[in-house]
Amino acid sequence: MKSKAPDRLAAAKRAALNALKRARRTADRAGITLSEWEGEFLGSVEGRIKTYGRAFADPEKGAPGQPLSALQSVKLKEIVKKAKGLDTGPKRKGFKPRRAFGAKRGET
């Protein structure tokens with residue numbers, strides 16, 4: 001007897017819901033309090049995925065068949081990093097000032 005092909009949309013939906021739950025659970029276990037905005041983000045995205053199967057309406061914001069848009073995925077990854085304690089702040093240091101034209105090294 002042949003089994004049915006796996007429903008890719010349902011699998012993606014389950015994966016996104018599990019990722020949201022995992023992010024919240026990781027933050028709770030680590031004792032890290034999420035900001036009000038982050039908690040609301042996780043809750044609203046979870047509700048929209050349960051209701052509509054995806055968390056965004058505009059098809060240009062994400063790939064078809066994906067429950068989260070590209071920016072929502074990025075924000076979820078940032079929340080997970082914060083929950084794991086890997087968020088050490090911005091990595092960029094900025095630009096170095098340019099040397100004056102004709103100046104030697106060590107001089108400005």
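- Distance check, rounded to the nearest 0.5 Å: CD1 of Ile79 to CG of Leu42 gives 4.5 Å.
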Less than 3.5 Å apart, which donor and acceptor atoms pair up between the side chains of residues 65-75 and the rest of the protein, not counting sequence neighbours?
unit_1 : atom_1 : unit_2 : atom_2 : d
Ser69  : OG     : Gln72  : N      : 3.2
Ser69  : OG     : Gln72  : OE1    : 3.4
Gln72  : OE1    : Ser69  : N      : 2.9
Gln72  : NE2    : Ala55  : O      : 3.2
Ser73  : OG     : Ser69  : O      : 2.9
Lys75  : NZ     : Glu78  : OE1    : 2.8

Only pairs under 3.5 Å count here: list side-chain donor-acceptor contacts from residues 11-33, not counting sequence neighbours, and write none if there are none.
unit_1 : atom_1 : unit_2 : atom_2 : d
Asn18  : ND2    : Arg14  : O      : 3.3
Thr26  : OG1    : Arg22  : O      : 2.6

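- Sorted by first and then second residue, the ring pair (Phe, Tyr, Trp, His ring centres under 6.0 Å) pairs involving residues 27-52 (not counting sequence neighbours) are Trp37-Phe41.
- Here Lys77 pairs with nothing under the salt bridge (Lys or Arg N to Asp or Glu O under 4.0 Å) rule; sequence neighbours left out.
- Within the structure, every pair that satisfies the salt bridge (Lys or Arg N to Asp or Glu O under 4.0 Å) test and touches residues 44-59, not counting sequence neighbours, is listed here: Glu46-Lys50.
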